[in-house]
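Below is one structure, written out as structure tokens, with a few remarks after it.
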Amino acid sequence: MSASTKSVSAKPRMHHPSFREAFRFWLKLGFISFGGPTGQIAIMQTELVEKKRWISQARFLHALNFCMLLPGPEAQQLVIYIGWLLHRTWGGIVAGALFVIPSMFVLWTLSFIYAAYGNLPWIAAIFYGLKPAVTAIVVAAVIRIGRKALKNEVMWSIAALAFAAIYFGNIPFPAIVLSAGIAGFLGGRVWPAKFYVVSGDGTDPETSVLSDEQESPPHTRPSLPRVLRISVACIALWIIPTLVAGFWKGWGSTLFNEGLFFSKAAVVTFGGAYAVLPYVAQQALDHYGWLKPGQMMDGLGLAETTPGPLIMVVQFVGFMGAWQHPDGMTPLLAATLGAFLTTWVTFTPCFLWIFVFGPYIEQLRGNVNLATALSAVTAAIVGVVLNLAVWFALHVFFPHAGVIDWFAVAICALALFGMLRWKWDVIPVIAGSGILGLAYKLLVHT
């Protein structure tokens with residue numbers, strides 16, 4: 001046996017996680033998924049690609065780029081996609097549900113405290129410490145994804161143009177992604193050496209459970225009967241709770257209107273939460289009168305500093321709308337039903353998109369034209385993530401115009417250095433930052 005043969009045979013195959021192992025991780029992820037979609041994608045990049053190696057870099061980016069084009073929270077859809085690849089439909093259901101459930105109960109608790117008692121200083125102090133840590137997570141994502149995606153001057157240029165377009169030009173995120181995809185598709189035809197860069201992460205294909213060159217699992221093959229079954233089941237689960245609310249409390253009730261409005265919003269939330277929030281705020285304040293002026297910003301502040309997708313702010317809207325318009329119920333019961341109904345109709349469609357379209361996207365892996373388009377999209381995403389990092393940094397480091405918050409800068413620098421240099425896990429970074437924020441505020445005000 002030759003030395004080269006020995007080296008190949010000696011390379012270990014990654015252990016495919018059991019359903020129980022995956023369940024524990026998805027539950028953990030639901031509690032540590034701070035930072036909005038880019039922060040959550042950064043956490044998944046670190047945990048799933050680099051540490052656990054459940055999925056290779058190329059397959060991770062392939063799934064991410066697909067999810068970026070769908071309506072709804074892309075981070076949750078990415079979790080569903082990976083869970084589905086690993087453990088079929090139930091894997092996707094568990095992964096997607098656990099990604100939302102912890103944040104659902106955390107935000108319900110904070111919404112109740114807000115509605116019943118107003119803002120509490122100690123909660124604000126913990127969030128004060130979390131914000132610079134989240135900024136560090138996002139910066140780390142820019143560095144890690146950028147290292148793998150920006151292989152040449154063309155990819156660097158696409159990333160820079162994407163950053164300039166969204167930061168200086170306020171160009172909508174879907175327009176940036178679509179433009180980058182078209183540029184990559186056309187560029188790959190005339191200059192393939194510069195555009196065909198998302199073909200792997202430089203590691204042996206056997207070092208990831210879901211590797212670059214591995215065929216898609218059998219359960220991911222397209223099937224029209226399966227598509228029909230999934231579609232009927234998901235659509236029924238999506239709309240039945242809203243219809244029940246209408247039959248029970250009336251078609252003009254707050255509960256029914258919340259279910260109907262957020263069902264419609266779920267299919268137009270292209271471009272992330274920030275793209276749809278102005279529409280939600282306008283409807284909630286001016287059309288339905290669910291919220292009072294200022295409450296939308298308070299809800300956004302709660303959602304930004306709790307785990308889970310940023311679009312969870314709609315649960316706060318549902319909670320406060322029903323709390324202030326209980327339709328004959330106690331405010332707490334009405335608010336709880338409103339919050340959970342809003343969350344249900346917002347996130348249920350995500351499972352429909354992945355389970356129906358995922359098999360067809362898997363069949364496109366290895367397509368050179370698609371790969372060059374996705375290479376450009378990935379480069380553009382680096383620019384978009386950088387935009388969020390800059391936005392976070394400006395708001396966290398300069399909370400008041402012209403005044404720098406040196407404590408926030410120090411926490412961010414420490415967290416970033418620890419994650420990049422010492423490979424700190426996200427959990428102690430988030431927990432430690434929250435504790436430091438609370439301690440600092442207590443010392444300052446005593």
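This is a predicted model, so every value here is computed, not measured. These numbers come from the heavy atoms of this one structure, side chains and all, not from hydrogens, waters or symmetry mates.
Atom CH2 of Trp251 has more than 12 neighbouring heavy atoms from other residues, nucleotides or ligands inside a 6.0 Å radius. Taking a 6.0 Å sphere around OH of Tyr288, one finds it holds more than 12 heavy atoms contributed by other residues, nucleotides or ligands. Heavy atoms of other residues, nucleotides or ligands lying less than 6.0 angstrom from CZ of Arg88 number 12 at most. The environment of CH2 in Trp424 is crowded: more than 12 heavy-atom neighbours from other residues, nucleotides or ligands sit within 6.0 Å.
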**OP:** Kindly indicate, with the supporting measurements, whether the criterion ring-ring contact (aromatic ring centres under 6.0 Å, His included) is fulfilled by Trp54 and Phe25.
**Re:** CA-CA 11 Å; Trp54 285 357; Phe25 174 75; 5.5 Å; yes
Next item on the list: Output, in order, the C-alpha distance, side-chain angles, deciding distance and verdict of side-chain hydrogen bond (donor to acceptor under 3.5 Å, both in side chains) for Gln76 and Gln40.
Entry: CA-CA 9 Å; Gln76 193 215 14; Gln40 293 148 6; over 6 Å; no
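Put simply, the side chain of Pro309 reaches to within 4.5 Å of the side chain of Phe99, judged on heavy atoms. With a 4.5 Å cut-off on side-chain heavy atoms, Ile32 and Ile43 count as touching.
Between the side chain of Thr242 and the main chain of Phe256, no donor-acceptor pair closer than 3.5 Å is present. Between the side chain of Ser179 and the backbone N or O of Ile176 there is no donor-acceptor pair closer than 3.5 Å. Side-chain atoms of His87 come within 3.5 Å of backbone N or O of Pro17 as a donor-acceptor pair. Side-chain N or O atoms of Trp191 include none that pairs as donor or acceptor with a backbone N or O of Val154 at under 3.5 Å. Without hydrogens or angle criteria, Glu21 side chain to Ser18 main chain gives a donor-acceptor distance under 3.5 Å.
With respect to the salt-bridge test (charged N to carboxylate O, under 4.0 angstrom), the residues Lys423 and Glu50 do not qualify. Classification of Glu362 and Arg221 as a salt-bridged pair fails, no side-chain N sitting under 4.0 Å from a carboxylate O.
Separation of the Phe357 and Phe66 ring centroids does not fall under the 6.0 Å cut-off.
Contact detail for Ser433 and Ala133: the closest heavy-atom pair is OG-CB, 3.2 Å. In terms of heavy atoms, Cys234 sits closest to Phe351 at SG-C, 4.5 Å. When all heavy atoms are compared, the tightest approach of Ile411 to Gly129 is CG2-O, 4.1 Å. Between Met312 and Val100, the shortest heavy-atom contact is SD-CG1, 4.0 Å. When all heavy atoms of Tyr81 and Ala63 are compared, the pair lying nearest together is CD2-CB, 3.7 Å. Looking at every heavy atom in both residues, Gly321 comes nearest to Leu291 through N-CD2, 4.4 Å.
Between the OG atom of Ser103 and the CG atom of Leu110 there is a distance of 11.0 Å, given to the nearest 0.5 Å. Going from atom CD of Glu258 over to atom NE2 of His325 covers 10.0 Å, rounded to the nearest 0.5 Å. Note that CG of Leu48 and CG of Leu78 are 8.0 Å apart. Values are rounded to the nearest 0.5 Å. Rounding to the nearest 0.5 angstrom, the gap separating the SG atom in Cys350 from the CZ atom in Phe355 is 10.5 Å.
The aromatic rings of Trp290 and Phe262 lie parallel to each other, their planes meeting at an angle below 30°, with 60° marking the opposite boundary.
Screening Thr343, Thr342, Thr346 for a side chain to side chain donor-acceptor pair (under 3.5 Å) involving Gln315 leaves a single residue, Thr343.
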